[in-house]
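No experiment lies behind these values; they were computed from the predicted model shown. Chain letters run A, B, ... following the sequence lines, proteins first and then strands; every chain starts at 1.
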There are 2 protein chains.
Amino acid sequence: MSRDHATLTPLEPQAFAGLREHVHRALRQVILSGEYAPGARLNERAIAEQLGVSTTPVKEALRLLEADGLVCSKPRSGVIVNFDMAWAEEMILARAAIESTIARLAAQRVSTADTPVLEAILVEMRRATSESSAEDLMRLNEVFHRQIRSLARANYLGRLNDRQDLYDSDARRVIHSDPAERARALAEHDAIGRAVIAGDAEAAEAAMKAHVLRAGETYLDLVFRNKEGPSS
Amino acid sequence: MSRDHATLTPLEPQAFAGLREHVHRALRQVILSGEYAPGARLNERAIAEQLGVSTTPVKEALRLLEADGLVCSKPRSGVIVNFDMAWAEEMILARAAIESTIARLAAQRVSTADTPVLEAILVEMRRATSESSAEDLMRLNEVFHRQIRSLARANYLGRLNDRQDLYDSDARRVIHSDPAERARALAEHDAIGRAVIAGDAEAAEAAMKAHVLRAGETYLDLVFRNKEGPSS
DNA sequence: TGCGATAAAACTGTATGCAGTTATTGTACA
DNA sequence: TGTACAATAACTGCATACAGTTTTATCGCA
């Protein structure tokens with residue numbers, strides 16, 4: 001599968017929650033997929049024109065990106081892209097730190113009533129790993145992590161992690177298509193799930209940290225070190 | 001010392017880096033000091049008028065705050081304050097997770113050339129703890145943590161932590177005025193510094209995490225549980 | 001007196017215009 | 001040919017104006 005770069009599409013989704021979010025998501029996708037090289041300057045009016053909107057929502061979207069840390073804005077000069085491999089490495093460390101904290105909370109706060117739903121997700125994941133498509137696995141992955149977050153009652157931490165989501169959908173699809181990666185991820189998810197169910201905070205934190213860090217390495221291999229998986 | 005609430009001051013600093021940042025900092029301070037209660041709606045035009053600026057920089061500042069997680073904006077209804085004790089508790093957990101990761105990196109990457117400067121800071125802190133003012137201690141605190149961050153070569157992680165700075169200057173001053181707290185902080189900083197110098201990543205991470213979490217409890221006591229320190 | 005509907009007021013989201021600053025390009029001089 | 005300077009062009013930051021939606025207040029009715 002060739003990872004064709006994302007492009008700025010002018011307002012295709014019918015139901016949008018404000019132009020601001022649309023522009024934000026679009027620019028985010030473009031930056032993370034590598035279309036805009038590190039150091040490239042982002043021209044407000046050009047972006048506004050490409051997307052068919054005014055400069056106002058573009059300004060606001062750029063502020064969001066600035067807060068995300070993906071661009072940095074010099075006072076009167078505009079914003080420049082601020083995303084390279086070193087940046088991605090640190091983002092992965094941050095994800096590991098936050099997500100493992102969430103896992104610890106989940107293990108501390110889990111109740112027996114939560115066990116079946118978590119186990120059901122794990123069963124579903126095991127089935128999908130050998131039988132189903134990458135899209136299904138991506139969805140289940142999302143569901144799993146979101147369930148952990150829910151058990152942890154982690155609102156701020158959850159939002160924080162959402163803002164550090166550096167995996168674009170193309171990369172995710174490629175990764176989830178590799179059988180070896182699927183097996184590794186399953187084993188790790190299983191370890192995390194069992195630790196949470198057992199209420200073992202230490203184990204849950206350690207397992208989640210290991211999982212995020214290893215998955216991050218896989219991502220770095222794919223996107224920055226150009227080592228595509230064997231099945232891609 | 002009475003912790004008088006911050007108020008919206010219209011443009012006092014002559015040298016400012018854009019009205020946007022000014023408004024952002026002002027609103028941030030006001031929210032963190034508790035002037036605006038959780039759930040309160042923020043009126044763009046009222047803020048703009050109070051600060052003597054247009055609504056445009058206010059809008060952008062609100063987007064920054066939204067990304068900081070201090071407010072959440074409903075599509076056509078405006079933004080409401082989103083900061084209470086539970087939120088602060090999670091922010092402290094996040095700080096502990098990120099800052100301890102930075103400490104681990106610092107211990108891994110420290111070189112013998114870095115030892116004297118770190119030791120000098122610790123010496124300075126020891127002296128200031130018994131002799132000097134709260135302001136000096138606050139400044140040294142900043143220097144210490146920033147030095148650790150520098151050793152760790154943590155750029156993204158550092159920025160991330162800046163975004164989670166929930167201690168307003170009033171609270172900081174009160175905390176750093178309490179002799180017991182000063183002693184505790186000194187011992188912890190010493191443990192962190194020694195672990196980093198020794199290159200002991202595990203110890204540095206653990207020490208930093210313990211420090212941030214304990215200091216966070218002190219903050220929560222002061223701001224949300226209304227237990228002021230004995231010397232305030 | 002309580003509830004529902006309608007109308008008015010207010011507020012956000014978006015667009016556009018202008019001023020100040022920065023970056024770039026062209027030219028003159030060494 | 002390389003460098004410094006100046007003028008032009010472009011871009012950001014800020015202000016203001018307008019349209020659509022939400023909220024609220026008032027009036028009628030049960």
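Note on A:Asp162 versus A:Arg146: salt bridge recorded, some NZ/NE/NH1/NH2 to OD/OE distance being below 4.0 Å. Electrostatic pairing of A:Lys59 and B:Glu60 does not count as a salt bridge here, judged by no charged N lying under 4.0 Å from a carboxylate O. We find that B:Glu49 and B:Arg45 are not joined by a salt bridge, their nearest charged nitrogen and carboxylate oxygen being 4.0 Å or further apart.
Going from atom CD of A:Glu44 over to atom C1' of C:dT14 covers 14 Å, rounded to whole Å. Here the P atom of nucleotide C:dT12 and the CD atom of B:Glu66 are 13 Å apart, to the nearest Å. Following rounding to the nearest Å, B:Leu19 (CG) and C:dG20 (P) show an atom-to-atom distance of 14 Å. D:dC11 atom C1' lies 14 Å from atom CD of A:Glu49, rounded to whole Å. In this structure, A:His22 places its NE2 atom 11 Å from P of C:dT14, rounding to the nearest Å. Here the C1' atom of nucleotide D:dC14 and the CD atom of B:Glu21 are 16 Å apart, to the nearest Å. Note: CG (A:Asn43) to P (D:dC11) measures 5 Å, nearest angstrom. The distance between atom CD of B:Glu60 and atom C1' of C:dT12, rounded to the nearest whole Å, is 15 Å.
Between A:Leu105 and A:Leu157, the closest side-chain pair of non-hydrogen atoms falls below 4.5 Å.
Within the 4.0 angstrom heavy-atom criterion, only backbone atoms of the sugar-phosphate kind lie near B:Leu42; the bases stay farther away.
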Atom pairs under 3.5 Å: protein N/O with N/O of nucleotides 16-25 of chain D:
residue	atom	partner	partner atom	Å
D:dT16	O4	B:Thr56	OG1	3.4

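A:Glu217 pairs by the side-chain hydrogen bond (donor to acceptor under 3.5 Å, both in side chains) definition with A:Arg225, not counting sequence neighbours.
Side-chain atoms of B:Arg95 come within 3.5 Å of backbone N or O of B:Asn161 as a donor-acceptor pair.
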